[in-house]
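A, B, ... follow the sequence lines: proteins, then strands. Residue 1 opens every chain.
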Protein chains: 2
Amino acid sequence: MRADAQRNRARVLEAAEEVLARDGLAASMRAVAELAGVGVGTIYRQFPTKEALYQAIVADRTRRLAERAAELAEGGDPGRAFFTFFAMIVEHATTKKVFVDALSAAGVDPKAGSPDLRGPIETLLVRAQHAGAVRPDVGMPELLALLSAACLAAQQQGWDPGLRDRALAVVFDGLRTQP
Amino acid sequence: MRADAQRNRARVLEAAEEVLARDGLAASMRAVAELAGVGVGTIYRQFPTKEALYQAIVADRTRRLAERAAELAEGGDPGRAFFTFFAMIVEHATTKKVFVDALSAAGVDPKAGSPDLRGPIETLLVRAQHAGAVRPDVGMPELLALLSAACLAAQQQGWDPGLRDRALAVVFDGLRTQP
DNA sequence: CTAGAATCGGAACGCGTGTTCCGGGTGGGC
DNA sequence: GCCCACCCGGAACACGCGTTCCGATTCTAG
């Protein structure tokens, strides 16, 4: 691979990360190209389609989040780990618009989407339930529904940190084991 | 106003209601015109812009929901009324895509949007809190955030009724007065 | 240094959108 | 029944999108 091609690939990925975080899936290829200081043709040399570029970025973010989840799953308090990761994903959603778009698109088809994230989340959930920190009658469908809801709203409405914490506090209380 | 114009106005509103419920704000004027059996020019004779057509429909739905809220606010159990209305709005969101789009757009600017709905909701909230059915430390911002979140997710991910009930059950438990 | 191939930039294409415009029809007061 | 003001339909326009294409440019092997 030629040196300039490699450099441009990096520039495109960096620019796409920024533009997609701001505008989500609606971001245009021209915007990415302009920010990267590159022609649109250069992008298409590296990524066959707009979708491919987006998936490359989403996959990378997903992988990093999954790693973080795995770390938390090994740590001490299962309940704390579960709620921490929930809040972490919602916080990501506030600034990374693509991530939410991809997540909501993935919700429609459970088979596609982010199986890399589904696994770690399920681990955190069952651990927290065994520890008695989360009520046992919620399953993955309900959890993913609540998680997606929080992410969608946090992103589309621009929840400020204070509001986010107060809203999540209510959901978390609902998720805890009821007396 | 001529008779045919009046008839066409009704057709356009009916068609727009259906198309907007299905496709949300992304619905095209051509789709509305085709379903109404009308030319696009006919729509623009009645509504100066796409936004105006949408707002006419959303305003109508909002008014009807506000009426329903007012009825509930006069009824018996304040807690039951509050949670019933919450669930009712989320159920509407599942089938009326425009409503969710408008709601999420309105959420950004609290002053604009649906003040007609804000009032009745606040009434239901404070009544339920005075009756001890809802914890006193949640205000309108948190409530609207949770409501929007549920509506967004229910619509974008097509929550089936069972999942909707189970997800809302968690949120409602979080909203109830904690022991 | 040079030749050849790989890459770049951005004009161009096809498509779908919201909106405008106007020639051809139609309703209803007289 | 007539006539004109009003209204209708849908072609046309401007724009932005994803994607393709090709002449100009730049890298690198020998």
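Atom OH in B:Tyr44 sits roughly 18 Å away from atom C1' in D:dC7 (whole-Å rounding). At whole-Å resolution of the value, CG in A:Asp4 and P in D:dT26 are 10 Å apart. Between the C1' atom of D:dC8 and the CD atom of B:Gln6 lies a distance of 16 Å, rounded to the nearest Å. D:dT26 atom P lies 11 Å from atom CZ of A:Arg7, rounded to whole Å. Protein atom CD of A:Gln46 is 16 Å distant from nucleotide atom P of D:dT19, rounded to whole Å. If you take CD1 of A:Ile43 and P of D:dT20, they are 13 Å apart, rounded to a whole angstrom.
In this structure, A:Lys96 and A:Gln155 have side chains that are not in contact, with every pair of non-hydrogen atoms separated by 4.5 Å or more.
For B:Arg68, the salt bridge (charged side-chain N to carboxylate O under 4.0 Å, His left out) partners are B:Glu71, not counting sequence neighbours. A:Phe83 is linked by a ring-ring contact (aromatic ring centres under 6.0 Å, His included) to A:Phe172, counting only residues two or more places apart in sequence or in another chain.
Rounding to the nearest 0.5 angstrom, the gap separating the CZ atom in A:Arg166 from the CD atom in B:Glu142 is 4.5 Å. Atom CZ of residue A:Arg118 and atom CG of residue A:Leu125 lie 11.0 Å apart, to the nearest 0.5 angstrom.
Comparing A:Arg11 and B:Tyr54, the nucleotide of DNA chain C nearest to each residue sits closer to the 5' end for A:Arg11.
B:Arg2 contributes a side-chain N or O that forms a donor-acceptor pair with the base of D:dC6 under 3.5 Å.
At least one side-chain nitrogen or oxygen of B:Asn8 sits closer than 4.0 Å to the OP1 or OP2 atom of D:dC8.
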Just the table, please: protein N/O against nucleotides 14-17 of chain D N/O, every pair under 3.5 Å.
none

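Under a hydrophobic-cluster definition in which Ile, Leu, Val, Met, Phe, Trp and Tyr are linked whenever side-chain heavy atoms come within less than 4.5 Å, directly or via other members, B:Met88 and B:Leu175 are assigned to the same cluster.
Within the structure, salt bridge (charged side-chain N to carboxylate O under 4.0 Å, His left out) pairs that include any residue of residues 149-163 of chain B do not occur (at least two apart or interchain).
Think of the region where chain B sits on DNA chain C: with heavy atoms and a 4.0 Å cut, that region ends 5' and 3' at C:dT17 to C:dG28.
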Donor-acceptor pairs under 3.5 Å, side chain of residues 134-141 of chain A to any protein atom, not counting sequence neighbours: which ones?
{"residue": "A:Arg135", "atom": "NE", "partner": "A:Asp137", "partner atom": "OD1", "Å": "2.9"}
{"residue": "A:Arg135", "atom": "NH1", "partner": "A:Gly174", "partner atom": "O", "Å": "2.8"}
{"residue": "A:Arg135", "atom": "NH1", "partner": "B:Asp173", "partner atom": "OD2", "Å": "2.8"}
{"residue": "A:Arg135", "atom": "NH2", "partner": "A:Asp137", "partner atom": "OD2", "Å": "3.3"}
{"residue": "A:Arg135", "atom": "NH2", "partner": "B:Asp173", "partner atom": "OD2", "Å": "3.3"}

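Between A:Glu67 and A:Arg63 there is a salt bridge, since at least one side-chain N of the basic residue sits less than 4.0 Å from a carboxylate O of the acidic one.
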